[in-house]
2 protein chains.
Amino acid sequence: MPHDTQFSTRQRILGAAEELFAERGFAGASLRQVTAAAKVNLAAVNYHFGSKDNLIEEVFRRRLDELSHRRLERLAEVNRSVAPTLEAVLDAFIMPALELSLDREGGSVFMRVLARAFAEHNSNLRKFLSDNYGHVLKEFAAAFARLLPHLSKDELYWRLDLAVGALTYAMADFGMIQRRSGETERQHREQMARHLVHFTAAGLRA
Amino acid sequence: MPHDTQFSTRQRILGAAEELFAERGFAGASLRQVTAAAKVNLAAVNYHFGSKDNLIEEVFRRRLDELSHRRLERLAEVNRSVAPTLEAVLDAFIMPALELSLDREGGSVFMRVLARAFAEHNSNLRKFLSDNYGHVLKEFAAAFARLLPHLSKDELYWRLDLAVGALTYAMADFGMIQRRSGETERQHREQMARHLVHFTAAGLRA
DNA sequence: CCGCGTTTCAAACAAACGTTTGAAGCTTAG
DNA sequence: CTAAGCTTCAAACGTTTGTTTGAAACGCGG
């Protein structure tokens with residue numbers, strides 16, 4: 001296994017694919033556009049990933065492995081504390097996503113790709129995400145259940161679903177709110193996270 | 001202008017396109033798949049709509065004209081009442097969408113297509129939607145502003161954005177909540193609308 | 001410095017894409 | 001009944017799609 005060249009080619013493809021998938025969708029972005037943007041040969045995708053579908057999965061895996069790990073880490077911290085609050089659990093879920101979206105090049109773009117995955121009714125993709133990262137949502141659901149014991153199971157699941165909706169929508173920048181001129185991207189996203197936690201906490205408590 | 005045949009062909013194309021756009025996206029659904037599903041000739045799309053892009057716009061126009069009209073109608077009713085509530089304004093926005101999604105064939109599918117439009121970063125499509133239906137959101141924003149006078153303009157816009165997010169997500173069935181076995185589609189959606197109003201009202205009031 | 005496994009490359013593959021064409025099939029008015 | 005105007009149709013247009021190929025280039029251990 002060589003080192004730098006292979007790594008670099010793989011990484012460049014993943015980066016370009018992420019960007020183009022966010023912009024044009026999985027079907028809308030062609031491998032020729034991806035390889036051109038990555039400045040690699042067309043055949044490199046099938047050499048390194050086997051197929052376009054595998055490339056798509058790898059784009060998710062690269063980011064979600066770390067994102068899931070950080071979320072569970074912060075959730076464990078919250079659970080260890082003496083008096084966990086709803087806001088603290090929401091923070092544990094939202095802050096890692098915020099940090100990722102503020103990462104050097106690509107992080108913010110990935111949240112748009114993730115939102116695309118929700119829009120796709122593609123059952124293979126949904127199964128892949130559910131199989132590999134479903135346990136994260138399960139753990140958070142349990143934490144919320146502990147904090148909202150007065151809610152029925154049904155009631156709780158409905159509200160969590162809606163909270164995830166607001167979160168997904170906001171993180172993917174679907175909305176109409178634009179960054180203000182005197183504001184950095186970081187400031188904009190931090191304020192968004194603040195409103196997000198406040199809004200969903202109120203909704204969950206109802 | 002002929003009557004039945006043309007009308008039927010146009011309508012069949014729109015119906016099939018709506019379904020396939022929801023399932024596979026705008027780029028993912030080909031005109032050959034659409035015309036095959038509609039049982040019409042391939043060339044019929046370009047004859048009746050001019051291009052695939054025009055077909056996409058027409059899919060939106062067919063549903064949104066009526067949806068927007070009903071929303072404004074109900075909002076006007078609420079504004080005429082002696083004491084409008086947050087829940088009543090939310091109802092005015094959500095109930096017409098619920099009714100559409102319960103319509104005979106296609107209504108529920110359209111909400112998924114609409115959510116795709118948010119996922120697409122396509123500026124042409126966003127401009128089309130904003131130009132033709134932006135005034136509806138404006139009127140609702142004004143109604144909310146009147147009911148939440150203690151909020152700053154910024155604060156209000158952030159919360160509205162998040163509310164639209166939860167709404168879009170829920171109506172498009174992005175979530176993980178499945179219809180329960182003993183439950184009709186109508187019951188499921190009505191319950192969803194109930195939770196949606198309750199959740200977003202709490203979030204808006206914060 | 002040679003040879004072998006890995007990676008890149010240009011080229012080609014069949015299939016599918018949106019769109020166009022011109023003739024055939026209709027329906028209706030005169 | 002004929003002529004005119006829509007609508008449908010099969011076929012083909014040139015592109016673009018994902019994937020495959022076999023040879024060239026590369027990097028490194030022996």
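In this text the structure is predicted, and so the values were computed from the model without any measurement. As a basis for the values below, the full set of heavy atoms in this structure was taken, side chains included, without hydrogen atoms, waters or symmetry mates.
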Intermediate values then yes/no, side-chain contact (heavy atoms from CB on, under 4.5 Å), Ile94(B) and Met171(B): CA-CA 9 Å; Ile94(B) 288 168; Met171(B) 281 307 202; 3.9 Å; yes
For Glu18(B), the option from Arg61(B), Arg62(B), Arg24(B) that meets salt bridge (Lys or Arg N to Asp or Glu O under 4.0 Å): Arg62(B)
Leu42(A), nearest nucleotide to its side chain (from dT7(C), dA12(C), dA12(D)): dA12(C)
Within residues 26-41 of chain A: residues closer than 4.0 Å to DNA chain C (heavy atoms): Arg32(A), Asn41(A)
Short N-O contact, Asp173(B) and Arg189(B), less than 4.0 angstrom: yes
From CA spacing to verdict: side-chain contact (heavy atoms from CB on, under 4.5 Å), Met95(A), Leu98(A): CA-CA 5 Å; Met95(A) 289 323 228; Leu98(A) 174 67; 3.9 Å; yes
dG18(C) OP1/OP2 closer than 4.0 Å to side-chain N/O of Ser51(B): no
Interatomic distance, Asp53(B) CG vs dT19(C) C1' [rounded to whole Å]: 12 Å
Between dA10(C) (P) and Tyr47(A) (OH): distance, integer Å: 17 Å
Gap between atoms CG and P, on Asn46(A) and dA12(C) respectively (whole Å): 19 Å
His48(B) side-chain N/O to dT8(D) phosphate OP1/OP2 under 4.0 Å: yes
Protein-to-nucleotide contact annotation, 5' to 3' order, nucleotides 21-26 of chain C [B base; S sugar-phosphate only; - none; under 4.0 Å, heavy atom]: B-----
Residues Val45(A), Thr35(A); criterion side-chain contact (heavy atoms from CB on, under 4.5 Å); working and verdict: CA-CA 8 Å; Val45(A) 169; Thr35(A) 52; 3.6 Å; yes
Lys52(A) or Ala44(B), whichever maps to the more 5' nucleotide of DNA chain D: Ala44(B)
For Ala37(A), side chain to side chain contact (heavy atoms under 4.5 Å, CB included) partners two or more places apart: Ala16(A), Leu20(A)
Donor-acceptor contact present, side-chain Arg186(B) to main-chain Leu102(B), <3.5 Å: no
Short side-chain N/O contact to dT7(C) OP1/OP2 from Thr9(A), under 4.0 Å: no
Side chains of Tyr47(B) and Asn41(B), donor plus acceptor under 3.5 Å: no
Euclidean distance, atom CD1 of residue Ile56(A) to atom C1' of dT19(D) [Å, nearest integer]: 15 Å
Euclidean distance, atom CZ of residue Phe49(B) to atom P of dT8(D) [Å, nearest integer]: 11 Å
Between Phe21(A) and Phe26(A), ring centroids under 6.0 Å: yes
